[in-house]
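Structure, as structure tokens:
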Amino acid sequence: MANGCSYDVFLSFRGEDTRNSFTDHLYAALVRGGLRVFRDTDEINRGEELKPEIRRAIMESRASVIVLSENYATSTWCLDELWLVIEQRRECNHFVLPVFYHIDPMDVRKQDKSFDIKVQTSTRWTDDNVNRWKAALTEVADLKGMVLSGLETTFLADIVHTIHNKLDFKLVSLPQNLTGMDTRHKDINSWLKQSEEEFLAICGMGGSGKTTLAKYIIDSNWRTFENISFLEDIGSRCKDSRDLCELQEKLLGDILGGKNRKIPSVSHGMCKIEEALQTKKALIVLDDIVEQGQLIALLGNSMINTQSKIIITTRVLNTEEWLGPRSLRCRKYKMKLLDDDESLELLCRHAFRSKIPMEGFEKLTIQAIRYCEGNPLALEVLGSSLFVSADIPKTDNILHWRSTLKLLDREIDSGIQRILRRSYESLPRYSNKELFLHIACFFIGTDLDYVVKILEHDYSALSGIKTLTNRCLLSVSPNKKVMMHRLLQEMGRTIVNEESPKDPAKRSRVWLNTESYDVLRKGKGSETMEGMALDMQMLKEEKNVFKITELMTDSLKNMDNLKLLQLKFVQVTGSYENFSEQLRWLCWIGFHLRTIPSDLFMGNLVALDMSYSCLEVFEPPMILPLLQILNLKDSHKLLEIHNISRLPNLETLILWNCHSLVHVCETIQQLKSLALLNMTGCETLWENSWKMQHTNPLKELKVSTSDERVKGLSTFSLPPSLQRLFLNDCYLESTDSSPLCFSIQSFLQYLNLGNNLFEFLPMYNHLKNLRVLDLTWCLRLKWILCLPSTLAELYVYYCKSLERVTFESCRFTLQEFGYEGCLNLLEIEGFIKLVPLVKLDETDLGHLKWLKEHQNHKVCLVGDDELTKGRSLCIQILYEFNIMSTSLPDINDPNMTPDYISESTSLSFNVPLGPKDRRLKGLNIILKYKTSGEDWAWFTKITTSNGVDLMYNPIVFGKPASGEVGIWLSYWPIGNTLKVGDRVNVSTTVMNGLEILECGVSLVYTHDDDEVVNEILENDMEWVKILGGDYSGFQLRTGAYYLCRRDFFEFIEVGRLTPDWFKILVGDTVDCTEIRGWRKTGRPQQLNQSFIELKTVKCIVHASESEQIYKIGEMSKSSHVGKTLGIPSMISASASKPEDTVDTSKASITETIDFTSSSLKESMKSATRSESSVSESESVEITSSSLLIKEMKAATESGDSPAKDLLGQLPVASSLSTVASPWKKFSCFDVYLSCDYIFTTRFKNHLCDGLVTAGIQISPYSLHFVSGGGYLRNSEARASIVVLSENYASSVRCLDELLLILERRAKLNHFVLPVFYDVEASDVRGHQRLFALRWYQTSSTWKGKVDRWKAALTEVANLPGFHVSRNNETSVIREIVGTVGHKLYPNAFSTPPHPTK
């Protein structure tokens, strides 16, 4: 009730004129519009005075509609109403709308005709009354009113619309402090305005704002619909059929208008609603639908009016199953939680009544926001409970905040719990609820397949997780991790705690270290216990002074139903027969015994994880028929594996970094289900095998050792069932007697042979299932031949010696191909050839043999960074799409004199009659140009009057030095398509970066003496295959050939190209979206399903805190090179290997240094311009790797520097390539970036882009794998940005980098800015969770440095910095750039927001 008003509208009318006609229709229209209307239904006798209720109704209404009809002024009652309405208007801003019903407004204004009122002898028609009434009539006539004309229904709708607008009428009540609704409404605005879809399903977790968004949609759009209905909270209101009938009555009344119809049964109501929905244009919201039956009861199954819109809010995602055939007309919108900025605003509005936190509450506010994770309900409830009262001292308010936030770590707010728990209670099966609780307590962030395997047998996890996902209780991340909103996790754990609030031993699950330790220490376990987790190292850190009591296995004897047991660095003594026989999952990180106890029953285990164990011999004590996963990662003392055939159904075996392993039981070949084998870093196993003569290490591995515990020789063959095999970092070699052929492993899909020592590989065309092949860092590999046509991804990063890649089909069909650092790569079959001119004979060049005279010139190539970075500056010949091209400096040669020339970007000519007995072979096209900027987008195009339409963007071309001219010469073998008289148009379309100075064309004919010579690129194909190959994948709908290997559409999306560039190139007939996602193979194709699944193939490993999942396809790609869009490729270059690999390959480090200076050419504009100068490149050629080694080691000669530890491992390469170093002339850069390159790639790329755009120079040495301390010392950066992510402390390189950074800060006033990327500063400062460094404490190699690393983490965490999450990256990056810029260049950058500690 707005402003204490009982009514929205008071109707004043003359009953005898309009009561049963116009006014009745008007009343019904106003009521249908949701307005509260007062209409007096009594007949009034002439001369009677107004009743008191009439006076009260006028005073309690917000507006009045005066229906002025012919006899209106003959009633003193009507005139008294009018006078009171006008008085109310004068005094209370009462809105008055006169409606002139079949009368002239001038008659009212001048009191003419029936409005000519006069004094009469009657007691009511006195002089005073008549004067008052006349004044009222004049005033109401002067108001802006409405005169009846046209259709009455339209006129009535206009009246209702006018009232709504004037009263700012709202059909629904929106909550105060709305935040973020505008952006979410925009997301679905097209559905309301343009879409033919009638249904919108708004899905999301409880409290995410679904109902509020639906109300916001109604409030913003209800005026465009005839009828509105909002049925709120259906799920909790529907207990039986009578409840459904009441909702049907309400819905039917809203659709048809007027009073609710009585509905005797649900089926009867469905029929009535179906009839109404077919005729009415309605906007309907069905809020909180829980099951399909509710939806059918309220909407029926028939078609609805296509102009109607129906919004469903639900916590269930699979609404398409509810709607059946109508799902095709339904759009699903998954509710977006609030980002950090929106969360901050909403919390502050409730807590501080402002958009920003009060001074002194900043850190506490951030803590509260992170707890809520964008859930609006939680932010409102928590913000209100933390309201800062002005009547309470500030210190008391802060104490209240701290106490409340501390309590949230133990107990979720009851208001939030109540809303969230409804989703849990609505789960259809008991097993679904148990599955949810297990995941909430033990498996958040764990690989989906891993969880399914462990929980499938007892809880039907595969279908159960689907149910939980559909109910928005769970989600699966793109890399297939099981994720859950923090509040849902807290809700689940609260449910478990409620089982026994005071005695953890009586609960079904215990996950807190203190509680688990107490249960084991006191031996209080019970039969109710199903899951337990204990991390002793974490427990020691949580308790600063903690006396460890020896734990006994007897503590487990009462836990007969224990299924899930996770122990980390826990040592127990006693008999292992007390362990539960129901165990499905035993995760014992750091297992302390040398062998598996014989009395440990493992018969029901599905997964056994003993990574980082002290095992020396692994031998199953019995047959384990259910075991599918065995993880022995980083068991550095493991020597032997025996009787592995006792694991008949093993699917995954992880031996990653088992460096001491020398013996594997030959029965491994009998494992018919083994699909994934990870032997990364098992170099000792293979090293011993090479000592055996004539031994195939992969088919008949014979292992010998001097260790007395390993007797004799053993042989084994890899099982034929393998699908994914990791043999990287094993120092494998290949000889004629020991080929790496995998002759019986025909099911292989993924093969990683990276960082090995072989020079060649056998042909793999027999591996018809192979999808991914990773050969990264195989430094000696020279060629890869006859790859299977099924291969989807190939990674050959930094294969320095690689020259040639060929395919079984002779066609290039790879979906992903990484080849950065392959400096000698000459040919990729079906893709390109890029050959130095000096390596070609005149016969290879055909009619361009004169180019040999210029082979000693040098040209800087740009375009595809993976091809050009570090490559020789000598002239190269490119063969691509059967087009031959090269880039030259501005030389004069008579052989380049064109037949046709133009100083513009295009020219045309008619094909002339050629010399006698000579055939036209093709065209030479010569361009002279200059370059500018860093983005180059251009195409050369040939069209002819007989239908030839080719446009070509070369993958690489020459970039002349600033101000100088370059020449691009190309030969197009299209002579067989050209006939005398054909009109030929040659043009170059430049979108960015080039200035064309001259365009020329020469016709190329055969000579008398070479008619039969099979010259390169010559062909006799039909014109459909104009260039002598099948390029249908590059053909547009118009038939034109778009010969390009790049996705230029990405440049549009980042604003580097305007959307109309494609129109300039091809005209108006093709939309630029046709080339969205263009690949090296042309038009994007539907990926093979097995390849899509393989993109998220995982190897399950336990790292510093919890399970890490390595996406095989993306890992290979992102861990070595980043994708760039027009910015220097250096900026997005990633690490070449995972940082947590401690035992770094010396060969890898050497080769990284060997490539560093040459591969960094394009990091900054100034460096690029300097490097591109040919004369300077000729005069300043140095051996880059030896220079860097020399400089890096020189930096460690004095003092105790951490760089010694990193750089002492660096060998001097035996053979070094000479490449010009562009960084020699730079003495100082602006920023050094220290980060984990694997798991922060996207953020690092965005941050680098922001810094470069702002003109801030990034040290190139901080962007490559061995960027450790030596590079930092050498580069002399003025500032450092330290990105502390969840894996930062698991990288020795990062930790040593941090020591050097802080050393520079102490000695040289070096500015350091920490960025906390999805981590808490308190965890970094206190060495908690992922920053505990406990993994290094167990290693003698690093134990001596742990204290220094911890001190450095504490120091950097105490510095002012920024907190970043995936939701606020863009805004925080702007602040980071502003902060660094202002620090280094205070006059050029405005003062940014201060970082928070």
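Residue indices begin at 1 and follow the sequence shown. Side-chain atoms are counted along with the backbone in the values below, which use heavy atoms only and exclude waters and symmetry mates.
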Output all residues satisfying side chain to side chain contact (heavy atoms under 4.5 Å, CB included) with Asn513, sequence neighbours left out; order by chain, then residue number. Leu534, Asp535, Met538, Leu539, Glu542
Strictly distance-based, threshold 3.5 Å: is any side-chain N or O of Ser516 a donor or acceptor partner for the main-chain N or O of Ala533? yes
To the nearest 0.5 Å, what is the distance between CG (Leu638) and CG (Leu632)? 6.0 Å
Residue pair Ile366, Ile369: steps toward the side chain to side chain contact (heavy atoms under 4.5 Å, CB included) verdict: CA-CA 5 Å; Ile366 292 174; Ile369 289 171; 5.5 Å; no
Using the test side-chain hydrogen bond (donor to acceptor under 3.5 Å, both in side chains), find all partners of Glu515 that sit at least two apart in sequence or belong to another chain. Arg507
CZ (Phe1311) and CZ (Arg1278) are apart, to the nearest 0.5 Å, by 11.5 Å
Nearest heavy-atom pair of Ala1277 and Val1231: which atoms, and what distance? CB-C, 4.0 Å
Tell me if a side-chain donor or acceptor on Arg493 pairs with a main-chain N or O of Ala440 at a distance below 3.5 Å. yes
Return the set of residues passing ring pair (Phe, Tyr, Trp, His ring centres under 6.0 Å) with Phe442 (not counting sequence neighbours), or none when no residue passes. none
Which atom of Ala1321 lies closest to which atom of Ala1357, heavy atoms considered: O-CB, 3.8 Å
Restricting to side chain to side chain contact (heavy atoms under 4.5 Å, CB included), what partner residues turn up for Arg1305, sequence neighbours left out? Leu1302, His1310, Val1312, Glu1355, Leu1359
4.5 Å side-chain heavy-atom contact, Leu1333 and Leu1353: yes
Would you give the length of the straight line joining atom NZ of Lys540 to atom CE of Met536, rounded to the nearest 0.5 angstrom? 5.5 Å
Among all residues two or more places apart in sequence or in another chain, which pass the side chain to side chain contact (heavy atoms under 4.5 Å, CB included) test with Thr680? Trp656, Asn678, Phe726, Asn728, Asp729
Looking at every heavy atom in both Leu1384 and Ala1279, which two are closest together, and how far apart are they? CD2-CB, 4.1 Å
Would you please test Leu337 and Glu373 for side chain to side chain contact (heavy atoms under 4.5 Å, CB included) and show each step? CA-CA 8 Å; Leu337 297 178; Glu373 290 189 358; 5.6 Å; no
Locate the shortest heavy-atom distance separating Cys682 from Cys730; write the atom from each residue and the value. N-SG, 3.9 Å
Just by distance, no angles: are the side chains of Ser635 and Ser613 close enough, under 3.5 Å, to form a donor-acceptor pair? yes
Are any of the side-chain heavy atoms of Thr1354 and Asn1358 separated by less than 4.5 Å? yes
Does the side chain of Val1315 come within less than 4.5 Å of Val1282's, by heavy atoms? no
Mark yes or no for whether Arg486, through its side chain, and Cys372, through its backbone, hold a donor-acceptor pair below 3.5 Å. no
Results of ring pair (Phe, Tyr, Trp, His ring centres under 6.0 Å) for Phe591 - residues two or more places apart only: Trp588
Would you kindly say whether Tyr1288 and Ser1234 are connected by a side-chain donor-acceptor distance under 3.5 Å? yes
When you look at Phe443 and Val482, which way does the side chain to side chain contact (heavy atoms under 4.5 Å, CB included) test go after all the steps? CA-CA 7 Å; Phe443 293 110; Val482 177; 5.7 Å; no
Quick one: pull up CG in Leu653 and CG in Asn631 and give me the separation to the nearest 0.5 Å. 9.0 Å
Heavy atoms of Leu1313 and Ile1376 approach each other most closely as CD2-CG2, 3.9 Å
Set of salt bridge (charged side-chain N to carboxylate O under 4.0 Å, His left out) partners for Asp1323, sequence neighbours left out: Arg1329
Is there side-chain contact between Phe1362 and Val1372, with at least one heavy-atom pair below 4.5 Å? yes
Would you please name every residue forming a ring pair (Phe, Tyr, Trp, His ring centres under 6.0 Å) with His636, sequence neighbours left out? His659
Using side-chain hydrogen bond (donor to acceptor under 3.5 Å, both in side chains) as the criterion, list what pairs up with Ser1322, not counting sequence neighbours. none
Just by distance, do the side chain of Asp1230 and the backbone of Gln1257 share a donor-acceptor pair under 3.5 Å? yes
With heavy-atom distances below 4.5 Å as the criterion, would you say the side chains of Leu1295 and Lys1345 are in contact? no
Looking at every non-hydrogen atom in both residues, tell me the closest pair between Leu1247 and Ile1281 and how far apart they are. CD2-CG2, 4.3 Å
Approximate separation, where rounding is to 0.5 Å, of Glu683 CD and Leu661 CG: 10.0 Å
Please check if the side chain of His592 supplies one atom and the backbone of Gln571 the other of a donor-acceptor pair under 3.5 Å. no
Only one of Tyr795, Tyr798, Tyr797 clears side chain to side chain donor-acceptor pair (under 3.5 Å) with Glu820; which? Tyr798
Among Glu1369, Glu1286, Lys1244, which one satisfies side chain to side chain donor-acceptor pair (under 3.5 Å) with Tyr1317? Glu1369
Leu408: partners by side chain to side chain contact (heavy atoms under 4.5 Å, CB included), with sequence neighbours left out: Tyr371, Leu382, Leu405
Please round to the nearest 0.5 Å and tell me the distance separating atom NZ of Lys633 and atom CD1 of Ile589. 9.5 Å
Are side-chain heavy atoms of Tyr1232 and Arg1304 found at a separation under 4.5 Å? no
Sequence neighbours excluded, the answer for side-chain hydrogen bond (donor to acceptor under 3.5 Å, both in side chains) partners of Ser475 is none
For Arg370, the salt bridge (charged side-chain N to carboxylate O under 4.0 Å, His left out) test, sequence neighbours excluded, returns Glu1320
